[in-house]
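For reference, the structure discussed in these notes is given below.
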Protein chains: 2
Amino acid sequence: MTLTLTESKVRFLESLADKTRLRIVEALREKEKTVTQLVQELGATQSNISGHLRLLKISGIIKSRQEGKYVYYSLASSAIADFLTKLEDMLIAMKREALESA
Amino acid sequence: MTLTLTESKVRFLESLADKTRLRIVEALREKEKTVTQLVQELGATQSNISGHLRLLKISGIIKSRQEGKYVYYSLASSAIADFLTKLEDMLIAMKREALESA
DNA sequence: TTAACATATCATTAATTAATGATATGTTTA
DNA sequence: TAAACATATCATTAATTAATGATATGTTAA
């Protein structure tokens, strides 16, 4: 099952197009974190966070390593962080353009 | 109803995280197009395309201008095209990294 | 080795949403 | 003006998915 480039883009965008998942990914930009740390930081249930982490991992956006009873999650690539920066820059640019044309 | 930055990002990503909408936006990178042109190019129904165009316009991703009985749609900002380029570059970079570590 | 802790999985429920077909609105042209 | 064309809107249906609570699995420490 090889995806077309457009399908790959959609999969990637879908993975980030959820408030909880985007907050997880932004939290992981700072440093790797355990499930419990993310649960506390985001104020969501453990089951909910674990489910989202699973999806993000399958999508190739994050990776994990186990250390004793803890599982540390982190971004799979620095390209993800660059992309998030670009997303933010773009929204700011669009907001500015919208104000200028008003 | 002012959105937080994270919410704005999610809204934007949701708007593009659909195969039909992403294809529309990529089709509009080339040049402005009418609804009928998009219907033909994408092979979808007119009602379906119109609905997606409406959503993309509300999201601020595309804009439109009417010329007689035609409505021409185009990208709202060149920042959108830049973002799509970045998305594609990132996916290619991630694919390369995945192959290297294999 | 049992209790406590960390994480993953599963079934259910509620909500969201894309597609469709029908119809309405608006514009041009015969 | 009426027919043809272009686009928008609406109700319905089907499918997807996020959240929740419960439970299972795996790890450490008492």
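The sequence lines fix the lettering, A, B, ..., with proteins before strands; numbering per chain opens at 1. In what follows, every heavy atom counts, from backbone to side chain, and hydrogens, waters and symmetry copies are set aside.
A distance-only check finds a donor-acceptor pair linking the side chain of B/Q37 to the backbone of B/T34 [under 3.5 Å]. Side chain of B/E41 to backbone of B/G43: no donor-acceptor contact under 3.5 angstrom is found.
For B/S78, there are no side-chain contact (heavy atoms from CB on, under 4.5 Å) partners at least two apart in sequence or on another chain. Taking B/T45 as the reference, B/S47, B/N48 meet the side-chain contact (heavy atoms from CB on, under 4.5 Å) condition, with sequence neighbours excluded. Every residue meeting the side chain to side chain donor-acceptor pair (under 3.5 Å) condition with A/E30, not counting sequence neighbours, appears here in chain and number order: A/K33. With sequence neighbours excluded, no residue forms a side-chain contact (heavy atoms from CB on, under 4.5 Å) with A/A76. Qualifying side-chain contact (heavy atoms from CB on, under 4.5 Å) partners for A/Q46, counting only residues two or more places apart in sequence or in other chains: A/V35, A/V39, A/S50.
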Review point. Along nucleotides 22-30 of chain C, 5' to 3', which nucleotides get a B, which get an S, and which get a -, given that the test is a protein heavy-atom distance under 4.0 Å?
Key: B----SS--
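Of the candidates D/dT7, C/dT9, D/dT20, C/dT9 carries the atom nearest the A/R54 side chain, counting heavy atoms from C-beta on. Nearest nucleotide to the side chain of B/V71, out of D/dT7, C/dT7, D/dA19: D/dT7.
Contact annotation: B/Y70 side-chain N/O to D/dA8 OP1/OP2 distance is not under 4.0 Å.
Contacts classified as salt bridge (Lys or Arg N to Asp or Glu O under 4.0 Å) and involving residues 53-75 of chain A (residues at least two apart or in different chains) are given here: A/E32-A/R65, A/R65-A/E67. Among residue pairs with one or both ends in residues 93-102 of chain B, those qualifying as side-chain hydrogen bond (donor to acceptor under 3.5 Å, both in side chains) are A/S77-B/E97; sequence neighbours excluded.
Both B/Q37 and A/H52 sit near DNA chain D, but only B/Q37 has its closest nucleotide nearer the 5' end.
Grouped with A/Y72 in one hydrophobic cluster are A/Y70, the linkage being side-chain heavy-atom contacts under 4.5 Å among Ile, Leu, Val, Met, Phe, Trp and Tyr residues.
The nearest pair of heavy atoms linking B/L56 to B/S15 is CD2-O, 3.8 Å.
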I'd like a table of donor-acceptor pairs (distance under 3.5 Å, sequence neighbours excluded) in which one partner is a side-chain atom from residues 83-94 of chain B, with atom names and distances.
from	atom 1	to	atom 2	distance (Å)
B/T85	OG1	B/R29	NH2	2.8
B/T85	OG1	B/A81	O	3.1
B/E88	OE1	A/K9	NZ	2.7

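Using a 4.0 Å cut-off on heavy atoms, none of the residues of residues 15-29 of chain A approach DNA chain C.
Across the protein-nucleic acid pair, A/L42 atom CG and C/dT7 atom C1' stand 16 Å apart, rounded to whole Å. As a whole-Å value, the separation of B/N48 CG from D/dT12 C1' is 15 Å. When the C1' atom of C/dA8 is taken as reference, atom CG of A/L53 falls 11 Å away, rounded to whole Å. Between B/I62 atom CD1 and D/dA8 atom C1' the separation is 13 Å, expressed in whole Å. The distance between atom CD of A/E14 and atom P of C/dT16, rounded to the nearest whole Å, is 18 Å. Rounded to an integer number of Å, the gap from A/Y73 OH to C/dT7 C1' is 8 Å. For the pair B/K57 NZ and D/dT7 P, the interatomic distance rounds to 13 Å; values are reported in whole Å. Rounded to whole Å, atom P of C/dT16 lies 15 Å from atom CG of B/L55.
Contact annotation for B/Y72: no contact, since no heavy-atom pair falls under 4.0 Å across all strands. Backbone-only contact: A/T36 has heavy atoms under 4.0 Å from sugar-phosphate atoms and none from a base.
Note that the two end axes of the helix from C/dT1-D/dA30 to C/dA30-D/dT1 enclose an angle of 10°, each drawn from 5 base pairs, rounded to 10 degrees.
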